[in-house]
There are 2 protein chains.
Amino acid sequence: MYLKGLRKAPIEPRMPSTNDSLDPVFIMTQISHTAITALRKHIRDGRYQPGEKLREVQVAELLGVSRTPVRLAFRTLEQEGLLERTGKQGYVVREVSADDVLCGVEIRGVLEGLAARRLAERGLSAELKDQLERCVQEGDELINQPQLSQEDIERWGDINARFHALIVNNAGSRAISDAITRNNHLPFASSDSITIDTDHLAQEQRKLQVAQLQHQLVVQALVMGESTRAEMLMREHAYIGLRYGPLFGVPEGMAL
Amino acid sequence: MYLKGLRKAPIEPRMPSTNDSLDPVFIMTQISHTAITALRKHIRDGRYQPGEKLREVQVAELLGVSRTPVRLAFRTLEQEGLLERTGKQGYVVREVSADDVLCGVEIRGVLEGLAARRLAERGLSAELKDQLERCVQEGDELINQPQLSQEDIERWGDINARFHALIVNNAGSRAISDAITRNNHLPFASSDSITIDTDHLAQEQRKLQVAQLQHQLVVQALVMGESTRAEMLMREHAYIGLRYGPLFGVPEGMAL
DNA sequence: GACATCAGTTATGGATCCAAAAATAGGTTT
DNA sequence: AAACCTATTTTTGGATCCATAACTGATGTC
């Protein structure tokens, strides 16, 4: 409840930088940034349901901050497509249809495909070639064990993320990586949102093996400079997260 | 100059809604929204050079608003890729390389191509088919006159925008139109930023005739349900704005 | 002369304040 | 009862305030 005219506390502004975990890369103590990620997580985790209206004060209290960073976060999340303005006033969590999910995946496909094509056309540096091949090598060794543990799968996820980042960030223009980053913020569209069903580890392993094989083919095409093939392979690779079709079993409620 | 502790005026908050031009669609009197468009325009027009640092107070004074809407605008424009954070403090206008421009165009190409493919696969409604064909019809009549006036070219620009909007907005998911909208905010990447060189109207007319022909072919493919062809045509169509190659003469400084 | 240090200045981020717009509730009229 | 108007509450957008972080320049040291 909003208590009129009540001050939150004797002010105590801006955290006194009690950073236990000093991030060597970038110390992002920005409250507004924290608010963005926290809110994003809340939405992903379903704390806020699609269609639900978000009130600034309420969210501010939940996150323990003032309204200012929340308002900034709302703007950012609107840009990202997680929130949406309704009529005159207020933001609601955007509803995501099955078609939206498919679209997000296809968008990632064409964008990463574009990145791969550009990369193949411009030629790989020796260093990049090395990194990509090491990526595939490591993934291969990991994935072809007789039985994968939960931890193995997570490690493969890291390798997967590295693989995609290598291609996207070396396509020669931030325009592409930006577009992909933005698209990845949409629910389910991200390449690292391959959900792991721990009840069917064998099936999951098979899926990852397919993905791994695709990585291998993409690198092959990239190294050979076969740009069209690289683009098509990368584009197809995007669909692996969807898990529809007979190969992996059709999940319920995914009538496309 | 920023005068410390001086109030801007006897407050006088929020415009008293003196709307001369009542927009029937949506009355967007939001100052922050105005700030975004104004700032975007300033950047496009070169009022702020690439690499130039933007100070909140200075921009606020230029636009005649307080810092709050400017800060919101900075966030939005950062998301759009027009601004960029530098190190710890401050936003600068993002530098755009020739490669970035090309990338923006290619991104639009793959996204609009994707939209066209989806449209062709799902089939056009009778109404949409009609609208597209009328669009092509009007464009044809306009563009095939013996000599185009400046005004004619502008009218064709409107038709062009309508054509692209029809395809993008009917692809079945806002995810696509959102991605394209965001990409269009990048300088030169927008489909309606086909620059008109008034000194060479004949040459311009020829370019628009090519674009018009491409529109025609796209609609043909869409109506016939030839999804791959529609995608490819739409993708190629994106390059028309670049004007490189012998057909339209190679502009200087466009070493790709 | 180059580099480190420290004080003064400026800019930014977060919090709060205030007025208007929107939503809500209650009462009145048709 | 439905529609309409009005009074009240809620919520938002913009402006301002304040403390800290980042920048600047001057001074001192090697």
Side-chain angles (χ1 to χ4, degrees), chain A residues 1-19 22 26-36 38-39 52-78 83-92, chain B residues 1-19 26-39 52-78 83-92:
Chain A
M1 205 219 289
Y2 181 56
L3 298 176
K4 197 170 167 182
L6 182 79
R7 266 145 195 85
K8 267 200 168 84
I11 295 193
E12 190 195 341
R14 211 177 293 198
M15 207 75 47
S17 272
T18 49
N19 256 38
L22 252 253
F26 204 85
I27 307 178
M28 190 51 112
T29 330
Q30 301 272 66
I31 292 187
S32 77
H33 186 266
T34 316
I36 292 173
L39 196 48
E52 188 173 348
K53 183 169 179 180
L54 293 185
R55 275 173 200 78
E56 289 179 4
V57 261
Q58 193 222 311
V59 174
E61 270 167 21
L62 175 71
L63 303 181
V65 297
S66 86
R67 276 179 53 214
T68 309
V70 174
R71 280 161 65 184
L72 291 169
F74 279 9
R75 294 296 183 114
T76 303
L77 265 52
E78 184 194 9
L83 298 183
E84 185 178 32
R85 310 188 78 111
T86 52
K88 290 288 180 185
Q89 196 172 91
Y91 287 90
V92 299
Chain B
M1 203 220 290
Y2 182 56
L3 298 175
K4 198 170 164 182
L6 182 79
R7 266 147 195 85
K8 271 200 164 92
I11 296 195
E12 191 194 340
R14 213 183 286 204
M15 208 74 46
S17 272
T18 50
N19 256 36
F26 204 84
I27 307 178
M28 191 50 113
T29 331
Q30 301 272 66
I31 293 189
S32 78
H33 186 265
T34 316
I36 291 174
T37 20
L39 197 46
E52 190 174 345
K53 182 170 178 181
L54 292 186
R55 276 174 198 79
E56 287 180 4
V57 260
Q58 192 223 311
V59 174
E61 270 168 19
L62 174 72
L63 302 181
V65 298
S66 87
R67 276 178 54 214
T68 308
V70 174
R71 280 160 65 184
L72 291 169
F74 279 8
R75 292 296 182 113
T76 303
L77 265 50
E78 183 193 11
L83 298 184
E84 185 178 31
R85 309 187 79 111
T86 52
K88 289 290 178 184
Q89 194 172 92
Y91 288 90
V92 299

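Note that these values count all heavy atoms, side chains included, but never hydrogens, waters or copies made by symmetry. The sequence lines fix the lettering, A, B, ..., with proteins before strands; numbering per chain opens at 1.
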Rounded to whole Å, the CD-C1' distance (A:Glu61 to C:dA15) equals 14 Å
Counting only side-chain N and O atoms of B:Gln30, is one of them less than 4.0 Å from OP1 or OP2 of D:dG13? yes
Quick check on DNA chain D: between B:Lys53 and A:Tyr91, whose nearest nucleotide comes earlier from the 5' end? A:Tyr91
Check the distance between C:dT12's P and B:Leu72's CG and give it to me in whole angstrom. 15 Å
For the pair made of CD1 in A:Ile36 and P in C:dG13, what is the distance, rounded to whole Å? 12 Å
Less than 4.0 angstrom between a side-chain N/O of A:Arg67 and OP1 or OP2 of D:dA15, yes or no? no
Side-chain N or O of A:Ser66 closer than 4.0 Å to phosphate OP1/OP2 of C:dA15: yes
Nearest-0.5 Å distance that lies between atom CD in A:Gln89 and atom CZ in A:Arg55: 9.0 Å
Residues which pass side chain to side chain contact (heavy atoms under 4.5 Å, CB included) with A:Leu72, listed by chain and number, not counting sequence neighbours: A:Ser32, B:Leu72, B:Arg75
A:Ser32 side chain N/O closer than 4.0 Å to the phosphate oxygens (OP1, OP2) of C:dG14? yes
5'-most contact on DNA chain D: B:Arg55 or A:Arg71, nearest heavy atom basis? A:Arg71
Can you measure from OH (A:Tyr91) to CD (A:Glu78) and round to the nearest 0.5 angstrom? 4.5 Å
Quickly, which of A:Val70, A:Val65, A:Leu63 forms a side-chain contact (heavy atoms from CB on, under 4.5 Å) with A:Ile31? Name it, please. A:Val65
Quick one: list whatever passes side chain to side chain contact (heavy atoms under 4.5 Å, CB included) with B:Val92, sequence neighbours left out. B:Lys53, B:Glu84, B:Thr86
Using whole Å, report how far CD1 of B:Ile31 lies from P of D:dG13. 12 Å
Closest to the 5' end of DNA chain C, once A:Gln89 and B:Leu54 are matched to their nearest nucleotides, is B:Leu54
For atom CD of B:Glu56 and atom P of D:dT16, their distance in whole Å: 14 Å
Is A:Arg75 near enough to D:dG13 that one of its side-chain N or O atoms lies under 4.0 angstrom from OP1 or OP2? no
Take the protein atom NE2 of A:His33 and the nucleotide atom C1' of C:dT12, then report the distance between them rounded to whole Å. 17 Å
